[in-house]
Colleague: 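This structure is in structure tokens; I'll ask about it shortly.
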Amino acid sequence: MRDRITGNGELSGRTAIILLVFLVIALIFVVRLVDLHIVKHGEYTQDAELSRTVDVELSPKRGTIYDRNGNVLATDVEASTIYCNPNEIKDPEGVSAQLAAILGGDKGDYVTALSRPDTSFSYIERKADLDKADKVRALEIPGIYFLSDTKREYPYGEVGGQIIGLVDIDGNGLTGLELYYDEVLSGTVGHLYMEQGVGGMLIAGTSEREEAVNGQDIVISIDIEMQEQVEKQMKDAAKRMGGDSGQCILLDGSNGDIIAACSTPLLNLNNTAKIKTGATELQCVTSAFEPGSIFKPVTMLAALEEGVVEPSTKIYCPAKLKADEYYVSDAHERSSQTFSVSTIMAQSSNVGLSLIGKKLGFETLYNKIGAYHLDEELTGIDYPGEAAGYLSNVADWSTIQAYNVTFGQGMSVTPLQICRFYSALVNEGNICSPHFLISKPQDGGEVTYETTSITDNQKAIKKLNKMLIGVVKNGTGASAAIDGFDVAGKTGTAEYADEESGGYVEGSYNLSFVGYLPNSDSDLVCFVGVTHVPTDSTTTAIFKDIMTYAIGRYNINQQ
């Protein structure tokens with residue numbers, strides 16, 4: 001037998017290799033032990049703790065939303081979240097039947113939650129009404145537990161629903177101001193950590209609570225009683241006129257406060273099982289349209305500012321005005337006539353406005369539209385999804401497009417944008433950023449907004465105001481007249497695009513009116529519109545009803 005050790009005391013080659021392999025394996029084992037017990041000790045300890053810990057989120061109390069008069073529009077009320085440890089439920093079928101009798105639904109809705117083998121925590125119903133939770137508690141079913149919680153409540157239901165908006169089951173804002181001011185309203189989620197032992201049984205006395213931080217309250221500009229009146233008027237008008245959507249904005253031109261705003265269909269915050277298409281959006285903010293004749297005061301103010309016309313200026317207006325291979329005509333057939341500029345506005349002559357625009361110069365008109373903030377610029381309103389208008393570059397205008405722009409076709413704005421422009425006519429040429437938020441009480445103060453001058457030409461504004469009074473006294477806006485008050489405004493009967501053919505829909509119109517009380521102590525501006533109306537009508541009577549209500553509510557006086 002050959003010796004393992006040579007005569008010089010060295011290991012044989014084979015023995016050395018075996019020993020080396022052994023040492024490498026031992027070294028790997030030692031390194032692994034060090035990694036497990038020293039390097040990753042904290043990590044594995046944390047993982048072990050997590051594996052036996054149930055983390056339940058605790059909802060903070062969401063901030064309350066108030067209207068300008070202190071009425072509660074959205075608030076959190078006490079509720080109870082019902083949960084179970086499925087490992088403790090002995091008869092899931094029987095318990096499910098008991099729960100369905102109290103909470104509603106079918107017993108099958110609860111069997112899954114009660115029978116989960118993979119967890120010691122399962123929701124039965126989140127944010128249940130307290131009376132229902134009390135009835136479940138009275139059953140004294142082992143394995144069913146309760147957490148104090150809150151749920152969102154909307155005292156006015158449908159009224160102001162689109163403005164206020166929705167939240168999800170976790171209290172996150174989904175639409176409207178609930179979404180826009182989610183970070184302010186939401187607060188910070190808390191946690192309840194509970195340890196579970198063998199078999200998933202919760203260990204008594206081992207819970208640790210991290211309290212939620214409540215959200216902040218906000219006060220918004222709407223007057224909920226005025227809002228209710230506006231919604232009723234627009235809902236009735238859309239139905240009566242056969243239109244798709246009735247829309248309204250009541251804006252305080254002196255400061256940008258939106259007193260009321262809506263579009264139909266309305267959104268009932270307390271009944272969201274079936275929400276109609278478009279109901280979650282305030283379409284007078286989120287949708288642009290071709291404004292038609294309510295845009296004519298824009299062209300007229302530009303012409304008055306530049307001094308190219310006066311209200312008494314006479315202009316020959318042919319029955320039809322040739323433009324490229326097209327013709328511009330008025331809404332109602334007439335013979336060729338000479339009109340004063342005031343009559344052109346009162347009778348809403350497309351031909352007359354086209355000729356005034358030509359006299360002004362289309363590049364000047366284009367620049368004025370931008371100066372009046374009626375191009376593609378957003379108003380910056382604090383509401384999600386605001387739409388921008390559209391105005392192509394003047395260098396690309398054909399003759400027919402240039403004429404069309406003078407009377408509000410071939411371009412687009414939102415009702416909010418056009419309403420803001422009219423507010424300059426009651427506020428000495430100044431526009432204020434339109435907004436809903438007026439204060440955050442817990443932050444201790446009012447919120448300020450930017451005011452911008454779009455013109456300092458007070459003479460031009462006075463002339464235009466007088467012309468728009470004439471629209472109501474002697475022109476197309478006669479049914480907007482209110483006894484004892486000067487009413488200024490402009491009617492609009494606009495065609496709208498046919499998405500399939502690329503032209504305009506025949507026999508159907510977007511009808512609108514924008515008006516105000518120029519010689520009163522009120523700076524309210526009101527837009528009313530009904531889209532896709534299959535007839536030639538007006539919305540002036542709706543404006544009259546809304547503004548008459550406002551006169552009484554706010555004690556408005558003629559000066």
Side-chain angles (χ1 to χ4, degrees), residues 253 290-315 317 321 323 328 339-377 379 389-397 399-413 417-431 452-471 488-492 494 514 516 518 525:
E290 294 187 47
S293 294
I294 59 173
F295 192 80
K296 288 175 179 175
V298 177
T299 301
M300 189 63 72
L301 180 61
L304 291 170
E305 278 202 274
E306 293 300 306
V308 298
V309 296
E310 291 292 327
S312 59
T313 300
K314 303 291 185 181
I315 296 178
C317 298
L321 177 64
V328 173
F339 293 134
S340 70
V341 167
S342 290
T343 301
I344 287 172
M345 182 62 75
Q347 298 302 317
S348 198
S349 171
N350 296 336
V351 172
L353 260 294
S354 297
L355 293 171
I356 291 171
K358 183 178 181 180
K359 187 184 289 284
L360 172 65
F362 297 122
E363 186 171 351
T364 300
L365 175 60
Y366 174 82
N367 291 333
K368 284 291 188 181
I369 292 171
Y372 298 157
H373 300 270
L374 287 168
D375 48 16
E376 299 178 21
E377 176 186 315
T379 70
Y390 172 75
L391 181 67
S392 62
N393 192 285
V394 65
D396 300 325
W397 291 1
T399 302
I400 185 61
Q401 183 178 359
Y403 285 160
N404 282 343
V405 169
T406 67
F407 52 86
Q409 297 279 179
M411 50 85 67
S412 66
V413 295
Q417 282 180 305
I418 198 71
C419 199
R420 181 181 62 167
F421 166 78
Y422 276 74
S423 73
L425 305 181
V426 298
N427 193 29
E428 299 181 336
N430 299 308
I431 57 172
T452 304
S453 174
I454 64 171
T455 177
D456 59 1
N457 192 327
Q458 301 303 317
K459 290 183 178 180
I461 291 175
K462 289 180 180 178
K463 291 173 184 176
L464 182 55
N465 278 334
K466 188 173 181 179
M467 293 169 71
L468 293 179
I469 290 173
V471 170
K490 186 70 190 75
T491 53
V514 189
Y516 52 96
V525 176

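For the single chain, residues carry numbers from 1 onward in sequence order.
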Colleague: Just jot down the side-chain contact (heavy atoms from CB on, under 4.5 Å) partners of N430, sequence neighbours excluded, or say none.
Modeller: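 By the side-chain contact (heavy atoms from CB on, under 4.5 Å) rule, N430 matches N427, E428, T451, S453.
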
Colleague: If you compare all heavy atoms of G292 against all heavy atoms of Q409, which two are closest, and at what distance to 0.1 Å?
Modeller: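 Closest heavy-atom pair between G292 and Q409: CA-OE1, 4.3 Å.
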
Colleague: To the nearest 0.5 Å, what is the distance between CZ on F295 and CG on L353?
Modeller: 10.0 Å

Colleague: Can you see which heavy atom on S348 is nearest to which on S293, and at what distance?
Modeller: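 Reported closest heavy-atom pair: OG-OG, 3.1 Å.
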
Colleague: Search all heavy atoms of Y516 against all heavy atoms of V426 and return the closest pair with its distance.
Modeller: CD1-CG1, 3.1 Å

Colleague: Quick one: pull up CG in D375 and OG in S392 and give me the separation to the nearest 0.5 Å.
Modeller: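 Those atoms lie 11.5 Å apart.
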
Colleague: Strictly distance-based, threshold 3.5 Å: is any side-chain N or O of K490 a donor or acceptor partner for the main-chain N or O of V471?
Modeller: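 Flag not set: sc K490 to bb V471 has no pair under 3.5 Å.
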
Colleague: Quick one: which of L321, T299, N404 gives a side chain to side chain contact (heavy atoms under 4.5 Å, CB included) with S354?
Modeller: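 Passing option: L321.
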
Colleague: Say whether, by atom type as modelled, one donor and one acceptor occur between the side chain of T455 and the main chain of G429 under 3.5 angstrom.
Modeller: no

Colleague: Measuring from atom CD1 of I431 to atom CG of L374, what distance do you get when rounded to the nearest 0.5 angstrom?
Modeller: 8.0 Å

Colleague: Of the non-hydrogen atoms in G470 and A346, which two are nearest, and what is the gap between them?
Modeller: O-CB, 4.1 Å

Colleague: What are the two closest heavy atoms between T399 and A323, and how far apart are they?
Modeller: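 Taking T399 first and A323 second, the nearest heavy atoms are CG2-CB, 4.0 Å.
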
Colleague: Quick one: CG on L464 to NZ on K296, what's the gap to the nearest 0.5 Å?
Modeller: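 Separation between the atoms: 13.5 Å.
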
Colleague: According to salt bridge (charged side-chain N to carboxylate O under 4.0 Å, His left out), does anything in residues 348-363 pair up with another residue at least two apart or in another chain? List the pairs.
Modeller: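 Those involving residues 348-363 do not exist here.
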
Colleague: By salt bridge (Lys or Arg N to Asp or Glu O under 4.0 Å), which residues pair with K368, not counting sequence neighbours?
Modeller: E305, E306

Colleague: Got a donor-acceptor contact below 3.5 angstrom from the Y366 side chain to the L391 backbone?
Modeller: no

Colleague: Taking only residues two or more places apart in sequence, or in another chain, which ones meet E310 in a side chain to side chain donor-acceptor pair (under 3.5 Å)?
Modeller: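 By the side chain to side chain donor-acceptor pair (under 3.5 Å) rule, E310 matches K463.
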
Colleague: Which residues pass the ring pair (Phe, Tyr, Trp, His ring centres under 6.0 Å) test with Y372, sequence neighbours left out?
Modeller: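 For Y372, the residues satisfying ring pair (Phe, Tyr, Trp, His ring centres under 6.0 Å) (neighbours in sequence not counted) are F421.
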
Colleague: If you apply the rule side chain to side chain contact (heavy atoms under 4.5 Å, CB included), what do you find for K314 with F339, and how did you get there?
Modeller: CA-CA 6 Å; K314 303 291 185 181; F339 293 134; over 6 Å; no

Colleague: Taking S342 for its side chain and P311 for its backbone only, find out whether a donor-acceptor pair lies under 3.5 Å.
Modeller: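 It does hold such a pair.
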
Colleague: Atom CG in L360, atom CG in L355: separation rounded to 0.5 Å?
Modeller: 12.5 Å

Colleague: If you measure from OG on S423 to CD1 on I454, what distance do you get to the nearest 0.5 Å?
Modeller: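 Interatomic distance, S423 OG to I454 CD1, rounded to 0.5 Å: 7.5 Å.
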
Colleague: Determine, stepwise, if the pair F362 / T406 fulfils side chain to side chain contact (heavy atoms under 4.5 Å, CB included).
Modeller: CA-CA 9 Å; F362 297 122; T406 67; 4.0 Å; yes

Colleague: Tell me, with the steps shown, if M467 and L304 meet side chain to side chain contact (heavy atoms under 4.5 Å, CB included).
Modeller: CA-CA 11 Å; M467 293 169 71; L304 291 170; 4.2 Å; yes

Colleague: E377: which residues meet the side chain to side chain donor-acceptor pair (under 3.5 Å) condition with it, sequence neighbours left out?
Modeller: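 Partners of E377 under the side chain to side chain donor-acceptor pair (under 3.5 Å) test: H373.
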
Colleague: Dump the intermediate steps for side chain to side chain contact (heavy atoms under 4.5 Å, CB included) on V341 and M300, then the final yes or no.
Modeller: CA-CA 9 Å; V341 167; M300 189 63 72; 3.4 Å; yes

Colleague: How close do L425 and I461 get, heavy atom to heavy atom, and via which atoms?
Modeller: O-CG2, 3.8 Å

